[in-house]
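Values reported hereafter were calculated over all heavy atoms of this structure, with side chains retained and with hydrogens, waters and symmetry mates removed. We name chains A, B, ... by the order of the sequence lines, and we start the count at 1 in each one.
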2 protein chains.
Amino acid sequence: MTSADSTVAGRPLRADARRNRARVLEVAQQVFAEEGLAVPIDEIARRAGVGVGTVYRHFPTKDALFVAIIQERLRSVGEVARKLAEGPAAGRAFFGFFERMVRDASLNKALFDALAAGGGLNQELTAEARQVMMTGLGDLLAKAQEAGEVRPDLTAADVKTLIVGCLSMARQGTADPGLMVGVVCAGMRPVSPVRTPEA
Amino acid sequence: MTSADSTVAGRPLRADARRNRARVLEVAQQVFAEEGLAVPIDEIARRAGVGVGTVYRHFPTKDALFVAIIQERLRSVGEVARKLAEGPAAGRAFFGFFERMVRDASLNKALFDALAAGGGLNQELTAEARQVMMTGLGDLLAKAQEAGEVRPDLTAADVKTLIVGCLSMARQGTADPGLMVGVVCAGMRPVSPVRTPEA
DNA sequence: GACCAATCGGACACCGGCTCCCGGTTCGGA
DNA sequence: TCCGAACCGGGAGCCGGTGTCCGATTGGTC
């Protein structure tokens, strides 16, 4: 999204083009959230009331469209974490964030796909947004660890991985997501009980 | 796999047919383990040195072939769990089984896909094998709970879900799988520490 | 109002995967 | 050895999805 209202050449988009572009973004946002990356482009075009060509003119590939949408979301998530890290009750805030994250991404398949995308998805494109998210998460985690509420050997990447794991569990539909998150959250606390399982 | 050596009509398979069938099963076993359900049938046929038609003659659909292979595996897993449940040190055995399960399925994409297959995959076909697995897991879990080593509010389905979660985490490749399993295992222990995160 | 270029839309080429089918081959009983 | 039936191989058809192309349309400027 180098520029929302002008082409690469700098010439402003025609009114209809601008309208269509906005409409595609708006619809894609919703459809991706509902269906995830798996939704065909045709579906988005149809729902937006435009032709497939129009979608591809504004976004060269399906991934580009997806990235344009998800970046915003990742950044906002990171921002939330960062703000929580600045507040009090780091432990509470951390676990609350974790649960909220799982809940949100359960309801938003786009967010799920973005988080779960391991090797796939143009990582250069999301790199910056990803960075914001991980930094925010890292800040919050560090605070919670300082407060002795979370195992000190966990990294932000670990926590992200645990979130993805919880999401996969939720997606299974074979167990209460709340319970699963509870188990994982309990496991993230410092090793207080008697023993840990040995390899 | 109603009958490995005869057609539905009961007539014994010709020698070459039997040979090919066995070869396909053998190769498919390996290829599915390496690549998971995503591998194209052509690949299996090629590696088995037969035509695609031959594969489809013996197994009406790709799923059928997959199921024929995975059933055995699921049953064997259940059997292992059942035997562990009969032995001593239920807690140790349970967590050991959990870790082993995650490790095995990390190395065997077929097993992963079978476990993770939520809505998909002919569930009628795998129902019996699935049953064996869940029963074995249930036995082992119950013993570990009796021994006070596992939270009493977890069900076998919950544990299976947690396993799938760990597998998703491992697949991410962004964190040490051993650590992730450690976190989840710790979380499955009875709630001994101070508090659990509230919703 | 008229003109030109930007934009639209959707038909279409292309691709990869599953499945069916048929001409040719091989088995195995007599 | 010979023959019919069973079996083989892989090409063809189909399907769903992505991305491209070009005639038709529309915006905005003179």
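- In this structure, F94(A) is not a member of the same hydrophobic cluster as V132(A), with clusters built from ILVMFWY side-chain heavy atoms closer than 4.5 Å.
- Of all nucleotides listed (dC8(D), dG28(D), dC8(C)), dC8(D) comes nearest to the side chain of T54(B).
- When every heavy atom of T155(B) is checked against every heavy atom of L141(B), the shortest pair comes out as C-CD2, 3.4 Å.
- Counting to the nearest Å, the P atom of dT25(D) and the CZ atom of R57(A) are 16 Å from each other.
- One can place NZ of K62(B) at 8 Å from P of dG17(C), the figure rounded to the nearest angstrom.
- Within the nucleic acid shown, D42(A) comes within 4.0 Å of at least one base atom, counting heavy atoms only.
- In this structure, R14(B) does not reach the dA5(D) phosphate: none of its side-chain N or O atoms is under 4.0 Å from OP1 or OP2.
- Taking atom NE2 of H58(A) as the reference point, atom C1' of dG19(D) lies 16 Å away to the nearest angstrom.
- Two residues, V52(A) and R19(A), neighbour DNA chain D, and the one matched to the more 5' nucleotide by heavy-atom proximity is V52(A).
- Here R46(A) contributes atom CZ and D42(A) contributes atom CG; the two are 9.5 Å apart, rounded to the nearest 0.5 Å.
- Taking only side-chain nitrogens and oxygens, N20(A) comes nearer than 4.0 Å to OP1 or OP2 of dC8(C).
- Toward the 5′ end of DNA chain C lies the nearest nucleotide of G53(A), the other residue of the pair V39(B) and G53(A) mapping further downstream.
- If you measure from atom OH of Y56(B) to atom P of dC18(C), you get 5 Å, rounded to the nearest angstrom.
- Atom CG of residue L115(B) and atom CZ of residue R130(B) lie 8.0 Å apart, to the nearest 0.5 angstrom.
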